[in-house]
Structure formats: structure tokens, C-alpha cells
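So the structure is just underneath, and the comments pick up after that.
Convention: sequence-line order gives letters A, B, ...; per-chain numbering from 1. Quantities reported herein were computed from a predicted structural model and do not represent experimental measurements.
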There are 2 protein chains.
Amino acid sequence: MVDVTLKDLARELKISTSTVSRALKDAHDISPKTKQQVLELARKWNYQPNPHASSLRRQKSKTIAVIIPEIANNFFSLAINGIQSVAQQKGYHILIYLTHENFEQEKSIIQYLQSGRVDGILMSLSSETRDTAHLSEFKQKGLPIVFFDRVCDNYDTLKVTTDDYFSSFEATEHLIEQGCQKIAYLGLSNNLSIGINRMNGYLDALRKNNLAIKPARIIQGSKDHQKNYALIFELLKSNHRPDGIFAAVEKMAITCYQVFDELQLSIPSEIKLLSFSNLPTAPFLHPSLTTITQPAFAIGKEAASRLLSALQKNNQPLDNETIVLKSTLIKRESTKW
Amino acid sequence: MVDVTLKDLARELKISTSTVSRALKDAHDISPKTKQQVLELARKWNYQPNPHASSLRRQKSKTIAVIIPEIANNFFSLAINGIQSVAQQKGYHILIYLTHENFEQEKSIIQYLQSGRVDGILMSLSSETRDTAHLSEFKQKGLPIVFFDRVCDNYDTLKVTTDDYFSSFEATEHLIEQGCQKIAYLGLSNNLSIGINRMNGYLDALRKNNLAIKPARIIQGSKDHQKNYALIFELLKSNHRPDGIFAAVEKMAITCYQVFDELQLSIPSEIKLLSFSNLPTAPFLHPSLTTITQPAFAIGKEAASRLLSALQKNNQPLDNETIVLKSTLIKRESTKW
């Protein structure tokens with residue numbers, strides 16, 4: 001069976017295609033009787049307007065893109081649930097694009113979207129992104145972007161984030177209060193402001209407490225799990241072995257459990273661990289993991305609400321503003337004295 | 001800045017829009033000199049072809065939809081990574097749609113996609129789906145669907161799944177070997193064949209070992225976490241309290257850890273637990289969780305490879321075949337004697 005077209009309907013009803021088209025749009029110059037006949041046949045034959053053709057006319061796709069670095073990540077899956085909750089309510093479709101932390105992939109998606117497939121974008125940068133020229137081009141086209149979590153500093157638009165600096169400061173001070181003197185930091189990128197803010201929170205907490213800063217205890221990981229494992233393993237076997245670890249990335253904390261297991265290091269007596277994390281199993285880990293938990297659902301919801309409101313107000317420009325939603329320190333066994 | 005059009009290029013170069021269009025398509029009747037002039041200006045002005053217009057012409061979007069019930073699920077996030085690995089290599093974009101286990105949402109997505117936004121679909125059914133009429137319509141349009149994991153039985157097409165019946169049989173027998181006599185089953189749906197196969201594996205293992213089947217020990221959960229919690233809680237407080245639980249769904253296993261914690265039940269001495277799961281933290285739970293682990297990445301990769309091969313062979317029809325990739329029983333502390 002092939003698609004039913006306006007022409008097919010017109011031929012069957014012996015009227016013009018333009019009358020069919022106007023009847024389907026409920027135009028005032030078409031009689032109620034004709035409208036009814038057209039609608040009945042369209043329903044019976046399961047007529048579907050061609051979305052490309054109608055997007056061309058309307059220049060609106062009622063679709064927003066969500067660009068994220070990865071999907072196997074509890075923060076992003078919760079944030080997407082928050083985004084979806086708003087999109088569904090407002091009748092928008094969401095399309096999810098993954099960059100896999102890859103800058104070239106991110107550029108290619110941005111290039112693809114520039115030509116009008118979507119009405120707007122919600123985006124969290126890839127950790128490999130240094131240069132943001134690909135985004136500036138986007139801006140010239142007038143398509144709105146809202147950043148969330150991993151935001152782009154030098155792009156004037158709405159951003160939704162958590163209090164990265166303060167949370168990291170608080171996390172590091174908690175480890176210090178629990179007796180740690182040699183605290184390591186595990187991050188993912190020092191290009192993005194999120195990474196810089198989290199590391200600064202850690203560094204300032206060490207400074208405030210007169211603890212030495214050792215570059216050897218600062219690890220910038222990557223998306224390569226084996227490499228991250230090796231980096232943490234080497235740190236723990238070295239002279240700079242920490243007595244506490246602050247992981248700014250959930251994935252790195254799981255890798256820590258693996259390395260501790262391999263080295264038969266016991267948490268929290270030999271080493272303490274604290275991580276940014278939205279892991280649903282954090283309370284049931286052995287031992288349970290002390291976390292900085294981001295309001296992931298709320299972050300996604302806020303970012304989507306702001307974007308869709310602007311779109312619905314005839315593409316009103318987005319404020320250049322950063323909305324900060326607070327994270328929560330949840331103390332558990334992994335940082336017990 | 002507004003979008004550059006073919007007309008703008010034509011005006012600037014003082015040639016017709018049709019010549020510009022043909023030059024951009026490298027048509028043989030346009031001189032190399034003109035082609036070069038057009039390409040240079042198009043690059044300089046960052047000309048982007050309108051994707052809706054060019055999709056209309058080509059009737060190919062180089063895009064596939066992935067429809068899944070939820071995203072906060074390790075099986076699906078790994079499967080998507082498998083899908084993406086193939087799509088990226090073959091130059092396809094993937095769009096992810098979430099049904100949130102909701103039948104109406106699934107129908108609406110299917111309706112939306114019927115009108116030609118994508119070239120094909122990879123799909124895992126929502127647990128609420130009983131009626132599959134919305135899919136039959138799709139079939140008539142000739143758009144290919146490959147099902148993975150939660151497949152649709154009465155739809156002739158390619159399906160990629162795991163050995164659900166055998167894995168569940170093996171899981172239940174493992175609990176019996178570890179001394180369990182009163183084993184509960186926690187599922188999500190008895191509409192889909194995946195649910196039926198998993199439950200049958202459980203039932204047959206009980207029968208083979210002459211253990212009584214108690215309907216009270218069979219729980220069909222939903223997407224409502226609070227309800228699932230209450231159902232498991234009540235079962236454990238009842239006269240039918242099990243000495244072993246087989247969770248056919250990862251989420252239900254995490255809920256079990258929560259309920260056991262609340263009731264201060266100790267695993268594995270008071271109750272044993274085994275679950276279908278791709279949880280990266282399964283080895284580090286307290287106690288570590290015995291799992292049936294699906295080859296999620298391979299399932300996604302296989303489904304995508306088959307779909308894209310068919311698309312690239314000029315939309316060759318898909319075989320009506322079910323490819324079964326084996327899962328693995330990984331024994332850990334939660335089922336220790």
C-alpha cells in the first residue's frame with residue numbers, strides 16, 4: 001500500500017486538491033459539508049500529511065534536539081526524563097543525539113541541525129570540546145540553545161547548572177572533617193567550566209585547610225575506562241597514595257570500587273570515597289557511597305521549560321542568565337571516620 | 001543573519017537558480033568553471049541545503065528511529081551504544097524516542113513516524129502494549145522495523161532477542177540448587193512475549209523440581225516504583241514469604257534491596273536474590289548481586305546492522321527471523337548457600 005495523497009482524495013471526491021487542502025486546514029471559505037466529506041475520507045484512507053512538506057510551509061518542526069555526551073549515565077537519563085515531562089505536556093517531540101564525548105561528532109550534529117530540522121536545542125557539551133566556533137555559527141542562524149550541566153561559558157544564552165564550585169568545596173571539606181589529609185581529585189576534563197569549577201572547589205578547600213596541593217593527586221580521566229582504571233591503579237600504588245578520593249564524575253567512582261577490590265583496599269578504613277553521583281544503587285554499595293547528588297530531573301525540566309516557553313512566545317530571545325539548582329551532600333558509609 | 005538560499009547565490013553570480021542547484025549536485029551539463037564559482041560562494045556564505053526540501057526530493061532521511069520504553073535502564077543504554085556504533089560507521093543519524101512504558105505514547109510516536117521522517121525503526125515495546133494494530137498500519141506503509149529485546153510476536157520481521165526462557169529456567173534452578181524452596185518471581189508485564197517466556201522458564205524449573213507454584217509469589221510490577229515497593233513489602237510480610245527471589249527486571253531487584261533494608265532482612269542467609277541485570281555496580285552491591293546479564297551492546301549492534309544493511313540494499317525486505325544472543329549467569333554473593 002502506498003501513501004494516500006491530497007490528489008487521491010481530490011480525485012475520489014471530484015473536487016480540486018486545493019479545496020481538499022483547505023478543507024483539512026478548516027479554512028473559512030470551504031463549506032461544512034465539503035469539510036465533513038474530506039475529513040471522513042481522509043480518516044477512512046488514513047491520510048497523513050507529509051511532514052517535510054508541511055515543515056517547509058510552517059518552518060516549525062515542533063521538535064527539539066537534546067544533545068548529550070553519553071546515555072549510560074544516571075544524571076543524563078534523569079535529566080532527559082525531566083525534559084520529556086515538559087515536552088510531552090507541550091506537544092513537542094524530543095530527539096536525542098549522542099556525541100560520545102567526541103568533539104568531531106558534536107560538530108557534525110550541530111552542522112546537521114543548523115539546517116532547520118528542529119526548533120531549538122538543549123545541550124550538554126562533550127568533554128573533548130575546547131573550541132566553540134561551531135556553536136557561534138549556530139547563533140547567527142537564530143536557533144535557540146539552552147545549555148544544561150556542561151555549559152558553554154562564552155555563549156550568551158540561558159544555562160541551567162548546579163552549584164559545582166560550592167558542592168565540590170563542601171565535598172572536600174567533608175573528607176577533611178572525616179580525617180583525610182591527602183585527598184585526590186578525579187575529573188573528566190579541564191576544558192569545560194564545569195570541570196574547572198569543581199576542581200577549584202576542591203583546591204580552595206585544601207587551601208583553606210592548609211593542606212598541600214599535589215598535582216600527582218589530580219587525575220583527568222577520559223571516556224576510556226581502561227585508561228582511567230590504570231591511572232587510578234597507579235596513583236594508589238605510588239608514593240602519593242591518597243587517604244581520600246573526591247570523584248567529580250560518577251563513572252570514576254565505580255572505577256574506584258573496581259580498583260579498591262583489585263588492591264584489596266578497604267573503604268572507609270584505608271581510603272575514603274565521595275562522588276558526584278545519581279546512582280540509584282549508591283545506598284546499597286559495599287560500602288554505601290557518600291554522594292553529591294544533583295537535582296538531575298529538575299535541571300532537565302527547567303532547561304526544557306525555558307526553551308519551550310521562548311519558542312511558544314514566537315521565538316522570544318532567551319535571557320543570558322545562569323540558573324543554579326542546588327545539589328545535596330548525602331553522607332554514607334564510604335566516608336565514615 | 002538569515003539563511004542563504006539558492007536564489008541568493010544565483011543573484012550574486014548572475015546565473016539561474018537551476019544552474020546553481022545543478023552545479024551543487026555536480027551535474028554533467030554544468031561547466032567546471034561554473035561549478036567552482038558556485039561551490040566557492042556556497043562555502044563562503046555557509047549555504048546549507050534545506051533538509052526538508054531535499055528529503056522531499058530524495059525520500060531518504062538517512063535517519064533511523066530508536067523507540068524504547070525508558071532511558072534510565074542499563075540494558076537500553078548499552079543497546080543504544082551498540083546501535084550508535086553501527087549507525088555512525090554507516091553515516092546514519094539515530095533519533096531516540098521514549099514511550100515511558102505508555103501505550104498511548106507509543107501509538108503517537110508510531111503515528112508521527114508513519115509520515116516519512118525516518119527510513120526505518122529499531123523498537124522495543126512498551127510493557128503496557130497489548131494491542132498491536134498501530135504496528136500493522138506501519139507495515140502497510142513499507143517502512144522496515146527491527147524489534148529488539150521486547151519483540152512483537154505477531155509481526156513478521158527480523159527480531160533480536162536473548163534466550164529469555166532458558167536463562168530464566170537456569171536462574172530459577174540456580175536458586176533451587178542454592179537451597180531455595182519458595183521462590184518468588186518479579187516481572188513487569190505478562191502481555192509481551194519476553195515476560196511470558198521469562199515466567200515460563202521460572203514455572204518449568206519449579207515443575208521440574210517438584211516445587212509448588214503459588215500465584216501469591218508471582219508479582220507483575222509496573223513503572224510505578226512506589227507500587228512495586230508496596231507489592232514486594234507485602235509479599236515479604238505475608239505467609240507466602242519467599243526464601244529466594246528471581247527478578248526478571250533489573251529495577252525490581254534494586255527495589256528488593258530497598259525493601260530488605262527496611263525489613264532488615266539479610267541476604268543471602270534469610271533470602272536470596274537473582275536478577276536479569278546490566279548494572280555496572282552489581283559486583284559492588286552489599287551483597288554483590290547474582291545476575292543474568294544480557295549481551296546488550298551486541299543486541300543493539302546486531303539489530304542496527306541488519307536494519308541498515310537492508311536499507312542500503314535499496315530497502316530489501318527484512319527476513320522474518322529471530323536472532324537469539326545468549327545471556328550469561330554470573331554467580332555472586334546474593335545467592336550464596
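- Using cut-offs of 30° and 60° on the angle between ring planes, the pair B:Tyr257 and B:Phe260 is tilted.
- Considering every non-hydrogen atom in both B:Thr290 and B:Glu333, the closest pair reads OG1-N, 4.4 Å.
- Using a 4.5 Å cut-off between heavy atoms, B:Asn73 does not touch chain A at all.
- Counted within 6.0 Å of NE2 on B:His286, heavy atoms from surrounding residues, nucleotides or ligands total 12 or fewer; the atom is thus considered open.
- Only the side chain of B:Gln88 comes within less than 4.5 Å of a heavy atom of chain A; its backbone N, CA, C and O stay farther away.
- Among all heavy-atom pairs drawn from B:Pro144 and B:Asp119, the shortest one is CD-O, 3.4 Å.
- Neither the backbone nor the side chain of B:Leu289 comes within less than 4.5 Å of any heavy atom in chain A.
- Contacts between A:Thr63 and chain B at a heavy-atom distance below 4.5 Å involve the side chain alone, from C-beta outward.
- Atom NZ of B:Lys331 sits in a sparse spot, with 12 or fewer heavy atoms from other residues, nucleotides or ligands closer than 6.0 Å.
- Neither the backbone nor the side chain of A:Glu70 has a heavy atom closer than 4.5 Å to any heavy atom of chain B.
- Contact annotation for A:Ile94: only backbone heavy atoms (N, CA, C, O) come within less than 4.5 Å of a heavy atom of chain B.
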